[in-house]
Protein chains: 2
Amino acid sequence: MADAAGSPVPHRYGNRPTMKDVAARAGVGLKTVSRVVNGEPGVTPDTERRVREAITALGFRRNDSARILRKGRTASIGLVLEDLADPFYGPLSRAVEEVARAHGALLINGSSAEDPAREQELVLALCARRVDGLVIIPAGEDHRYLEPELAAGVATVFVDRPAARIEADAVLSDCFGGSRAAVAHLIAHGHRRIGFIGDRPGIHTAAERLRGYRTAMAEAGLPVDPSWISLGPTDPDRVGAAARSMLDGPGPITALFAGNNRVTVTAVRVLAGRTLPVALVGFDDFELADLLSPAVTVVAQDAARLGRTAAEMLFRRLDGAAGEPRRVELPTRLIARGSGEIPPADRG
Amino acid sequence: MADAAGSPVPHRYGNRPTMKDVAARAGVGLKTVSRVVNGEPGVTPDTERRVREAITALGFRRNDSARILRKGRTASIGLVLEDLADPFYGPLSRAVEEVARAHGALLINGSSAEDPAREQELVLALCARRVDGLVIIPAGEDHRYLEPELAAGVATVFVDRPAARIEADAVLSDCFGGSRAAVAHLIAHGHRRIGFIGDRPGIHTAAERLRGYRTAMAEAGLPVDPSWISLGPTDPDRVGAAARSMLDGPGPITALFAGNNRVTVTAVRVLAGRTLPVALVGFDDFELADLLSPAVTVVAQDAARLGRTAAEMLFRRLDGAAGEPRRVELPTRLIARGSGEIPPADRG
DNA sequence: TAGCGCCTGGACAACGTTGTCAGAGCACGG
DNA sequence: CCGTGCTCTGACAACGTTGTCCAGGCGCTA
């Protein structure tokens with residue numbers, strides 16, 4: 001029984017025309033079409049015209065999947081980050097995209113949602129697509145799963161946080177130094193009981209910022225009460241509860257150092273409802289920080305620059321730069337706006 | 001002269017092992033490896049074990065480029081938006097990504113930077129990659145270039161702004177209604193001289209918001225002085241100058257309606273430096289709007305919902321949903337917070 | 001033990017493109 | 001008139017995977 005439906009040509013991408021179709025219509029050979037499409041020399045103007053006519057008539061567009069298969073380079077890079085919706089990652093993403101564009105590459109994007117399994121799944125999916133390189137803001141604490149990929153030549157640069165248990169290029173902010181400066185700033189304004197609310201301790205940046213806090217306190221000879229430190233998820237509920245408990249407990253804090261932009265925003269909200277002024281410094285700058293009252297003092301890191309630096313490093317590797325994995329650390333900047341300059345209120 | 005370098009195998013993706021290599025090492029046929037990799041039935045446990053061992057030993061990972069070429073579906077969708085760094089598009093992007101993920105698809109991302117040529121370039125690059133579908137926030141005013149792609153079966157949904165000169169699915173916010181409500185709100189609080197600063201008039205949302213403004217004014221029987229309206233790029237310099245000229249000219253405005261989040265932010269900055277209070281309503285909600293003083297009244301649209309709705313519509317099309325192009329309009333919501341309730345100051 | 005069907009495994013072609021190579025056509029000079 | 005060298009063109013294989021199809025081996029039954 002002849003089965004018309006079970007034809008030997010199952011899909012053809014929704015019956016898109018191929019170079020073969022164009023060649024047939026133009027009455028030329030397959031390779032000639034390829035030459036025209038790719039602007040290769042050695043085609044008579046007349047032949048070229050015929051081919052171009054056939055291309056527009058058929059609505060042909062080169063199938064890059066086939067091209068990639070043949071050429072071995074995909075001209076695309078992958079970016080895995082925590083959450084595209086986080087205002088910190090928007091500019092970073094965009095910067096990576098701009099660099100990619102300048103190198104003629106497309107960007108494939110994915111959010112890990114801070115879940116190591118999801119990060120790995122995404123990264124491996126990107127490797128299966130044979131992206132030329134990867135920019136990763138890691139969520140996991142073990143990146144050995146990347147070893148075969150690195151060995152196979154997938155260039156990889158980590159941003160914001162370093163890779164764990166493998167050697168790889170990384171571009172980081174000086175979290176430790178920034179935090180130390182932030183806390184020193186509070187101490188300089190007379191604070192002795194300073195709280196720190198940060199992200200989960202497994203996250204490198206959170207750990208570094210905590211270290212900066214501890215160092216600044218130690219350098220000033222100040223004791224740190226364990227109840228002044230709270231690390232964990234940065235959802236408003238948890239952060240709000242942590243802040244309130246530090247403010248309302250015995251020996252309440254007079255200043256708060258917020259470990260990232262999510263925490264800062266919640267802290268601003270909590271403090272806005274208070275009568276006694278509490279000093280605040282936040283890690284990460286954010287839009288309108290200067291227009292709140294008091295304006296929020298922050299440690300600014302340049303997200304776009306992080307992204308740009310990482311992407312440029314990636315393309316240097318792709319262009320053949322060899323050598324040991326490098327770690328670049330970008331400086332942070334304390335922007336004093338007022339909220340960090342509030343002196344400790346007399347709580348006698 | 002035998003030339004070792006000019007081997008007939010030029011690249012092999014940095015010498016990654018292929019199924020052939022795995023098959024050779026495991027001592028089985030090519031197709032058997034394929035079966036194991038894809039979890040197809042018909043492989044004895046013992047054979048499967050041998051294959052898996054070879055896979056890990058060689059660090060094999062399936063080449064999805066070849067798979068895509070063969071299968072005709074890429075399991076990826078493209079998202080073209082204006083600027084990934086704009087806080088409005090972050091959540092939208094993320095929502096599209098989540099839906100894509102739920103359907104097992106990857107997201108390829110690009111920013112048009114509000115440049116029609118760049119939009120087209122990006123879209124066509126994505127089509128060449130044979131993305132299964134496209135979500136587009138259009139920058140251009142003529143999308144006929146998409147016709148061959150649509151005819152070839154690339155599902156396409158426009159978001160935030162409709163397609164121009166072609167018929168296509170679209171998910172929009174009710175800009176007209178939202179703006180009308182915003183301006184009516186200002187009028188209800190006693191304002192008669194209300195300014196509008198918006199994006200370039202070629203942008204659909206900007207035009208709709210202007211229409212809402214005009215309609216509300218007309219419905220209240222209020223005249224509109226041309227100097228109260230300013231459309232153009234939303235960079236702080238232009239918006240700031242426009243706002244100042246409306247505030248300082250003859251017959252100064254007593255209230256301002258800001259056409260999008262970029263404009264609102266600049267407006268807040270300008271108004272913060274003023275002594276006479278000026279009422280303000282902004283289109284688009286933004287973080288911390290409630291903590292400014294006065295808190296900023298806004299027309300909120302749900303960016304994540306826009307993205308989600310569009311992506312779901314896209315996948316319904318991919319799953320075979322036929323029919324005429326649909327246009328969905330999502331409601332907006334006026335959130336009164338104070339800045340819109342400032343009565344007009346006595347400027348006698 | 002012959003016959004039958006089922007299960008496993010592999011050979012082969014195809015997806016649409018590009019690199020290699022050789023052939024066809026032409027002009028020119030000897 | 002023919003050889004030489006050039007330009008333009010097309011046939012063919014390969015990229016790595018998956019779908020089709022068939023062969024061989026096994027167990028079961030009559």
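FYI, side chains are in, hydrogens and waters are out, and symmetry mates aren't considered; it's all heavy atoms of this structure. All values derive from a computational prediction rather than experimental measurement. Below, read A as the first sequence line, B as the second, and so on, with proteins coming before strands; counting in each chain starts at 1.
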With side chains defined as the heavy atoms from C-beta onward, is the minimum distance between A/Val28 and A/Val36 less than 4.5 Å?
no
Taking only the side-chain nitrogens and oxygens of [X], find out if one of them lies under 4.0 Å from OP1 or OP2 of [N].
X: A/Thr44; N: D/dC8; result: no
X: B/Ser34; N: D/dT17; result: no
X: B/Arg62; N: D/dT18; result: yes
X: B/Thr47; N: C/dG9; result: yes
X: A/Asn63; N: C/dC15; result: no
X: B/Thr32; N: C/dG10; result: yes
X: A/Ser65; N: C/dC15; result: no
X: B/Lys71; N: D/dG19; result: yes

At their closest point, which heavy atom of [X] faces which heavy atom of [Y], and how far apart are they?
X: A/Cys127; Y: B/Arg61; result: CB-CD, 4.0 Å
X: A/Pro138; Y: A/Pro162; result: CG-O, 3.6 Å
X: B/Leu124; Y: B/Tyr145; result: CD2-CD1, 4.1 Å
X: A/Ala322; Y: A/Arg317; result: O-NH1, 3.0 Å
X: A/Lys20; Y: A/Leu30; result: N-CD1, 3.5 Å

Judged by nearest nucleotide, the residue sitting upstream toward the 5' end of DNA chain D, A/Pro45 or B/Asn38, is A/Pro45
Of all the nucleotides listed (D/dG10, C/dG19, D/dG16), which has the minimum atom distance to the side chain of B/Leu69?
D/dG16
Report the nucleotide, chosen from D/dT17, D/dT9, C/dT18, that has the shortest atom-to-atom distance to any side-chain atom of A/Arg70.
C/dT18
Could you check whether A/Asp83 and A/Ser111, counting side-chain N and O atoms only, form a donor-acceptor pair closer than 3.5 Å?
no
Using whole Å, report how far [atom1] of [X] lies from [atom2] of [N].
X: B/Arg50; N: C/dT8; atom1: CZ; atom2: P; answer: 14 Å
X: A/Glu40; N: C/dG19; atom1: CD; atom2: C1'; answer: 9 Å
X: A/Arg49; N: D/dC8; atom1: CZ; atom2: P; answer: 16 Å
X: A/Arg130; N: D/dT17; atom1: CZ; atom2: C1'; answer: 11 Å
X: A/Leu30; N: D/dA11; atom1: CG; atom2: P; answer: 9 Å
X: B/Arg129; N: C/dC15; atom1: CZ; atom2: P; answer: 22 Å
X: B/Lys31; N: C/dA14; atom1: NZ; atom2: C1'; answer: 12 Å
X: A/Arg67; N: C/dG19; atom1: CZ; atom2: C1'; answer: 12 Å

Find the distance between CD1 (A/Ile108) and CG (A/Leu126) and round it off to the nearest 0.5 Å.
6.0 Å
So what does [X] hit on the nucleic acid, given a heavy-atom distance under 4.0 Å: a base, only sugar-phosphate, or nothing?
X: B/Arg35; result: base
X: A/Gly42; result: base
X: A/Asp64; result: nothing
X: B/Val37; result: nothing

Difference in axis direction between the ends of the helix from C/dT1-D/dA30 to C/dG30-D/dC1, five pairs, 10°
60°
Classify the angle between the aromatic ring planes of A/Phe158 and A/His143 as parallel (below 30°), tilted (30 to 60°) or perpendicular (above 60°).
perpendicular
Taking donor-acceptor contacts at under 3.5 Å, does the side chain of B/Lys20 reach the base of D/dG16?
no
